[in-house]
Amino acid sequence: MQQLLVVALVAVAITSLPQLSLGKKIEKRCVNCSYRTYYTYGDGRSLQRVVYQNPVYTRDHESTCAPPHHYSNAPFLPRTAQSYGCSGSPCGVNAVCQEAAGGRPVCSCPPGFSGNPLTHCNRGECLDNVECRGDLQCKDNRCVNPCVGACGIGSNCEARNHVAVCSCPAGYNGDPYHACHLNDPEEQCHPSPCGVNTKCEIINGVPTCSCVHGYVGNPLSGCRHECDHDGDCTSRDMCSNFKCVPACGQCGTGATCRTVSGHRAVCECPKGYIGSPYSECRPECYGDADCPAGRPACFYGICKNTCDGACGVGADCNLRGLTPVCSCPRDMTGDPFVRCRPFTKEDLCDPNPCGTNAICVPGHDNTGRERPVCNCLPGHTGNPLSHCSRGECLSNNECPDHRACINYQCIDPCIGKCATGASCEPKAHLAVCRCPQGQSGDALVSCRQTRTFPVAKYH
């Protein structure tokens, strides 16, 4: 049987042939054939030549070695030249053959080649940028200007190292790959160069970042809430609406903040004020009419009993209207505006309750209770509770002989001294009583007629 030598070019690409892997030898798809490297690309892919030494399959050979196949991409081969899959090199010059499902051969031109893969594939102007000048780019196997259609409206383009470099002209800005337009200062804030929760403003032509209201931090990197909970604030502050505020601000109108505990204010109403210290504290009164009977006077918004603190220690206080009246209790004495103390006997006559020229001595009343007793001074007469006057005499020696000093007055000593019917003669300041002639008896008691009884004579 006549021997035929079949030569084919095969492009082996790591990315296009899944059955091959980097670092492994190419798996042969034919028998009695060899592979020779024809071209190696810059990315590692290689183009190899396959030389077949096996004879052309005959119909008899096909019946024993492989089942008959009909390839749509190789109709130009005679029936006797057709082979199984790509083993018979059914593709054109420089073409690559790959087997599809069912072993059907598929021909294609390798990278960098173009043409009809069933007949002939021609190599292009370039396979990679390295084959073009620095200001050109390899595109569709041709060296072309990379700036064509690469940049936006109004932008400049410069080809550098096979790449289109787009830029906006001076005084313009925007996306050079889309469109350039005249500078607008406000556009310096779009997009904003600031962080989150910030605002961007153009000040003197310069974009300036600042935190929005209620936020703190570095506006270039981002602003945050001043606080998210009380623990972010000092011990005397609390977190309200994401801001640290004085905790004492919780106290109501007119209230005082006594202290702060756990970031919460301890509020209280001033003395004499009523209401809730966390809402409003107000005066207890605006006038006397607002006060109760026990505290009838309104002093600077506070209802008070005017007796409070008005009297001395131990003293009694009674209100007459709003006026306090101080007095010591009945069994006590002293200055009711200073101090009241229990009575002593000496206190009965201090101060002296008696009248002029009268003396006070401790005594008792009809019930036996101690009380002061007033007497006029010796030689004085009158009402000892009001006034005592000095008498006419202190002794009989200051009276005539026929007068006696009685109750400090020189009076007739016979007055009321003798019995009825008796006669009286004052002598030496004394009453001398006698029964009249014909009467007998005690002249100080009674006088009676003298009776004469006959005397019997007995013999």
Side-chain angles (χ1 to χ4, degrees), residues 314-316 318 320 325-459:
D316 291 335
N318 296 288
R320 292 180 183 174
V325 177
C326 302
S327 62
C328 287
R330 292 178 59 86
D331 56 346
M332 302 184 74
T333 187
D335 184 350
F337 294 99
V338 179
R339 179 183 292 274
C340 293
R341 58 181 176 80
F343 270 115
T344 63
K345 290 183 178 182
E346 290 74 14
D347 292 325
L348 294 174
C349 294
D350 185 19
N352 188 355
C354 304
T356 307
N357 297 324
I359 61 173
C360 177
V361 293
H364 298 82
D365 60 13
N366 294 333
T367 62
R369 296 182 64 182
E370 292 183 342
R371 54 160 294 186
V373 177
C374 296
N375 295 304
C376 288
L377 291 172
H380 292 69
T381 60
N383 185 351
L385 297 178
S386 58
H387 180 73
C388 292
S389 301
R390 190 181 188 283
E392 185 180 1
C393 61
L394 293 178
S395 64
N396 289 332
N397 294 332
E398 298 181 16
C399 296
D401 186 64
H402 63 286
R403 294 279 189 253
C405 187
I406 299 175
N407 293 328
Y408 309 109
Q409 298 291 325
C410 291
I411 60 176
D412 185 357
C414 288
I415 298 175
K417 293 296 183 180
C418 297
T420 304
S423 62
C424 180
E425 181 182 359
K427 287 183 179 180
H429 313 290
L430 297 175
V432 178
C433 298
R434 293 187 180 88
C435 287
Q437 185 71 29
Q439 294 186 1
S440 62
D442 187 353
L444 296 177
V445 178
S446 66
C447 292
R448 61 181 181 277
Q449 291 290 330
T450 301
R451 293 181 180 180
T452 304
F453 294 96
V455 176
K457 293 182 178 179
Y458 296 92
H459 297 282

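Model, not experiment: these values are computed from the prediction.
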Minimum heavy-atom distance between [X] and [Y], given as atom pair plus value:
{"X": "F337", "Y": "C326", "result": "CE2-SG, 3.6 Å"}
{"X": "K345", "Y": "P362", "result": "O-CG, 3.5 Å"}
{"X": "E398", "Y": "L394", "result": "OE1-N, 3.2 Å"}
{"X": "R448", "Y": "G441", "result": "NH1-CA, 4.2 Å"}
{"X": "A419", "Y": "S446", "result": "CB-N, 3.3 Å"}

Out of curiosity, [X] [atom1] to [Y] [atom2], how far, rounded to the nearest 0.5 Å?
{"X": "D412", "Y": "R403", "atom1": "CG", "atom2": "CZ", "value": "5.5 Å"}
{"X": "K417", "Y": "L444", "atom1": "NZ", "atom2": "CG", "value": "9.5 Å"}
{"X": "C388", "Y": "N383", "atom1": "SG", "atom2": "CG", "value": "7.0 Å"}
{"X": "E370", "Y": "H364", "atom1": "CD", "atom2": "NE2", "value": "4.5 Å"}
{"X": "H380", "Y": "T356", "atom1": "NE2", "atom2": "OG1", "value": "10.0 Å"}
{"X": "Q439", "Y": "Q437", "atom1": "CD", "atom2": "CD", "value": "10.0 Å"}

Heavy-atom side-chain proximity of [X] to [Y] below 4.5 angstrom:
{"X": "C340", "Y": "P329", "value": "yes"}
{"X": "P426", "Y": "C414", "value": "yes"}
{"X": "T381", "Y": "C376", "value": "no"}
{"X": "L430", "Y": "P413", "value": "no"}
{"X": "N357", "Y": "H387", "value": "yes"}

Does [X] use its side chain to pair, donor to acceptor, with the backbone of [Y] at less than 3.5 Å?
{"X": "S423", "Y": "R434", "value": "yes"}
{"X": "D401", "Y": "K427", "value": "no"}
{"X": "H429", "Y": "P400", "value": "yes"}
{"X": "N352", "Y": "C354", "value": "yes"}
{"X": "D347", "Y": "D350", "value": "no"}
{"X": "D316", "Y": "C328", "value": "no"}

Regarding [X] and [Y], I want to know if their SG-SG distance comes in below 2.5 Å, which is how I'm defining a disulfide.
{"X": "C393", "Y": "C399", "result": "no"}
{"X": "C360", "Y": "C349", "result": "yes"}
{"X": "C447", "Y": "C435", "result": "yes"}

Problem set entry | Heavy-atom neighbours of R339 CZ exceed 12 at 6.0 Å |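 At most 12 heavy atoms, drawn from other residues, nucleotides or ligands, come within 6.0 Å of this atom.
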Exercise. Would you say D365 has more than 12 foreign heavy atoms packed within less than 6.0 Å of its CG?
Worked result: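 Buried by this count: over 12 neighbours within 6.0 Å.
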